[in-house]
Amino acid sequence: MTDNPEAEVSESQIAVHWREEDYYQPPPQLAAQANAADPAIFDRFGEDKFPECFAEYADLLTWDERWHTTLDTSNPPFWKWYVGGMLNASYNCVDRHAQASPDKPAIIWVPELESDEQVTISYGELHRQVNEFTALLRDFAGLQAGDRVTLHMPMVAELPVTMLACARLGVVHSEVFGGFSGNACGTRIADSGSRVLITMDGYYRAGELVDHKVKADEALEEAARQGQEVDKVLVWRRHPGKFASSTPMAPGRDFYVDELLGGFAGAVVEPVSMPAEAPLFLMYTSGTTGRPKGAQHSTGGYLAYVAGTSKYYQDIHPDDMYWCMADIGWITGHSYIVYGPLALGTTTVIYEGVPNYPDGGRPWRIAQQLGVNIFHTSPTAIRMLRKVGPTEPSKHDYHFKTMTTVGEPIEPEVWRWYYSEVGKGEAAITDTWWQTETGGFLGSTLPALQPMKPGSCGPGALGIYPVIYDEDANEVPAGSGKAGNICIRNPWPGIMQTIWGQPERFVDVYYAKYNRNADSKDWHDWPYFAGDGAVQAADGYFRILGRVDDVINVAGHRLGTKELESAALTVPEIAEAAAVPVIDDIRGRIVEMYVSLKPGVSADGMAEKVTKAIEVEIGKIARPKNVWIVADMPKTRSGKIMRRVIASVSNFADVGDVTTLANPEVVETIRRHVQSAKAAKGETPRDLTDAERAEIATYGAAE
Ligand code: WTA
């Protein structure tokens, strides 16, 4: 290994040291069958071939009408792909495979309880289920192309059936992660203007049957408070015929899907031919400000991009057994459980539960039993499985050819366990860097063609041209050892079209920072700002450092600082609130809250109230590790809370220079209180790496 020169985080000029990792070469047996085995692919996607190179991805789909313009840049940065093209996403993911091989498994659903039967849905059966539910959506719910529908569903096969039924009509689905609270769902119903909510009564999580219907009632109440009425709630039942929830059904508003479906038995609904530019779905995500952003994805560009990247980066063939252990409620599940794999006609495994239920061997039992040969998961799941069962994989007879990781930076040491234990040294790892907004992979290695480097995602994906800029828009050269803001210089088919209902915010958040000329119609003037810090090594590989926009990445879930703080402020006794990240060895980052109380309020029970408020407003995934009640927050003279100071306290890091604060004296009081309480609970952290130290020391800079 060679030592890399120092890197710096541009805002703070804090040195970040790390070592360059050794390469791992692609497994030789992969090349013999890989979809991308010939290096000529790099020429086909060379910058001189842009944007026409992306016809190769669109050609994986069946079009009702071929496009006439691959990329239309007439209204920057609202790029249009495959203009003039007409297609249907449901047809592409279902009908064409049902015609060619009706008996082939499309979905294998694995319930969490091992005593429950697995369900195999062939392409023919998927076609039947999607058609019947489409008829229900059209004839019972009165939905048509362009309407938005909110889904709040767990990891069941009925979720892709619902998504594909919406897509069949051109109805825009907006799936909210099942773990989000009723209120969070309600906010998204209101923002998208949905009049129909599709949910499920309950589901299994960590061995318990969770009541999920209760969230639908909360969601409708919150949506109504925000001015959006919902007239129908369609409730799938986890066990058809048997209600899994104790929350009553509202007559005339709530309907059991399994009862209604009887009236649509055998129905066939022609897929509605949609323009490539028609929105396919919304996926809400967090950013610097409080209100969630509905990333709007297109039908043609998105589907082409996820099909192409599934084919080349995950090396999916129709006869593979593919398992992505993410949740369909996030973009990873949309792109790489549902749309990408089904567009390619492969078999996609859907697992209902948590990876370590009932024990850390569960994923490997599933892999062995089903013959999974492509596996996709997150660093948090890898860290957790390593902790609970470091030698479990070797006890199971399965063989992966490729494995993907996504959602957070992966530590080289964790990468190596994934490679040698989970992959048994036989599988290529693709570390895929991308975002909700980007539809599909942006940075990764082609598994049979490019060597892997632990902790680095790799170079830009085919047809993607990343660049690192400093704060003044100077390019930070590869190999300089300096960190900066990673951007993508060019448009690509998977990029979101806009933020639903907030086009100005779309331009402001992603393009304004590095736009060279607001009047320019040349895409070269509109780099996409991803909101991540990164460093590029001399070999062109990127190492992603994390968010630069006050988003805390907890177990791969993006939580906005502002969302957490507004949730805390719903407690009437709270005067001020600040959320900070704490380094965690399993979940990457966890949240700690600092709050101050209104005058005369007693601290009794306040921490619990804040935690409860966060669960209600966002969901249990956002629950803070600790809530610290302080007399006063450290502030600048202009009154801004210094989040970096309290983040340093929570992480036992150096608080830096506090002499310019309006109230420097509070820092030491807070430090003593928090750190002695944490030490007493055994929460003293390990030594932080320099990159982690830099992240903490600059936390809150985006505000
Ligand atoms: C982070 C998930 C390092 C990054 C697909 C990004 C990663 C955010 C990686 C997007 C990776 C994603 N290495 N960091 N391979 N993949 N991230 O929208 O900070 O839920 O901006 O999309 O996750 O999270 P999102």
Side-chain angles (χ1 to χ4, degrees), residues 175-177 179-180 282-288 292-295 297 302 305-306 309-310 313-314 324-337 339-340 376-383 403-412 414-415 418 429-445 452-461 464 466 483 485-488 494-496 499 509-510 528-536 541-560 581 587-589 621-622 691-692 695 702:
E175 154 73 1
V176 176
F177 170 58
F180 270 135
L282 307 180
M283 170 64 62
Y284 281 87
T285 190
S286 299
T288 305
K293 307 179 278 196
H297 283 286
Y302 170 82
Y305 196 68
V306 298
T309 49
S310 293
Y313 285 92
Q314 305 197 88
C324 170
M325 210 169 60
D327 196 293
I328 300 174
W330 305 109
I331 192 70
T332 301
H334 274 51
S335 300
Y336 299 111
I337 296 178
Y339 284 113
H376 187 156
T377 193
S378 65
T380 288
I382 301 168
R383 292 184 207 109
M403 304 192 297
T404 311
T405 157
V406 64
E408 312 152 66
I410 184 166
E411 300 75 9
V414 176
W415 191 101
Y418 194 37
I429 294 181
T430 48
D431 180 344
T432 62
W433 167 69
W434 59 296
Q435 312 176 302
T436 302
E437 295 89 334
T438 73
F441 307 149
L442 293 179
S444 191
T445 47
M452 307 157 248
K453 195 159 71 173
S456 298
C457 64
I464 302 288
N485 296 316
I486 187 164
C487 296
I488 309 298
I495 180 70
M496 66 181 153
I499 296 176
V509 173
Y510 303 100
Y528 168 81
F529 170 68
D532 276 325
V535 181
Q536 190 178 26
Y541 279 37
F542 292 94
R543 187 181 160 121
I544 305 298
L545 301 173
R547 306 287 313 181
V548 297
D549 62 350
D550 294 357
V551 165
I552 306 178
N553 189 337
V554 179
H557 306 160
R558 275 164 71 171
L559 301 176
R587 291 152 70 80
R589 303 288 174 272
I621 48 163
E692 289 165 348
E695 174 190 324

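Ligands are counted one by one from 1 in listed order, and the atoms in each one are counted from 1 as well. Quick note: residue numbers are just sequence positions, from 1.
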Closer than 4.0 Å to some heavy atom of [X] - which atoms of ligand 1 meet that?
X	answer
Ile544	3 (C), 14 (N)
Asp532	4 (C), 6 (C), 19 (O), 21 (O)
Thr432	9 (C), 11 (C), 15 (N), 16 (N)
Val406	5 (C)
Ile331	5 (C), 22 (O)
Thr436	18 (O), 20 (O), 22 (O), 25 (P)

>> For a 4.5 angstrom cut-off between non-hydrogen side-chain atoms, does Ile499 reach Tyr510?
In response: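 Ile499 vs Tyr510: side chains touch.
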Establish, from distance only, whether the side-chain atoms of [X] and [Y] form a donor-acceptor pair under 3.5 Å.
X	Y	value
Ser335	Tyr302	yes
Tyr336	Gln314	no
Glu437	Thr285	no
Thr430	Thr445	no

>> Taking the six-membered ring for Trp, are Phe180 and Trp330 closer than 6.0 Å centroid to centroid?
In response: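 Between Trp330 and Phe180, which both carry aromatic rings, the centre distance is below 6.0 Å.
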> Which option, Gly439, Ser335, Gly407, Ser378, owns the non-hydrogen atom nearest atom 17 (N) of ligand 1?
Replying inline: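 Looking at heavy atoms only, the winner is Gly407.
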>> For atom 8 (C) of ligand 1, tell me which residue out of Glu437, Glu408, Arg547, Met283 has the closest non-hydrogen atom.
In response: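 Checking each option, the heavy atom nearest atom 8 (C) of ligand 1 is found in Arg547.
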Using heavy atoms and a threshold below 4.0 Å, how should the contact between [X] and ligand 1 be classified: side chain, backbone, both, or neither?
X	value
Gln435	both
Asn553	side chain
Cys457	neither

> Which protein heavy atom lies closest to atom 10 (C) of ligand 1, and at what distance to 0.1 Å?
Replying inline: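 Atom 10 (C) of ligand 1 sits closest to the protein heavy atom Trp434 O, 3.5 Å.
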> Considering only the protein, which heavy-atom contact is closest to atom 24 (O) of ligand 1, and what is its distance?
Replying inline: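 Protein heavy atom with the smallest distance to atom 24 (O) of ligand 1: Arg558 CD, 3.2 Å.
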> NE2/His557 to OG1/Thr380 distance, rounded to the nearest 0.5 angstrom?
Replying inline: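 Output value for this atom pair is 8.0 Å.
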>> Please find the pair of heavy atoms, one from Gly560 and one from Ser286, that lie closest to each other, and give the distance.
In response: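 Closest approach of Gly560 to Ser286: N-CB, 3.7 Å.
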>> Does the residue Trp330 have a heavy-atom contact with ligand 1, meaning some pair of atoms that are separated by less than 4.0 Å?
In response: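 Contact check Trp330 vs ligand 1: negative.
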> With a 4.0 Å cut-off, would you call Glu411 and Arg383 a salt bridge?
Replying inline: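 Yes, Glu411 and Arg383 are salt-bridged.
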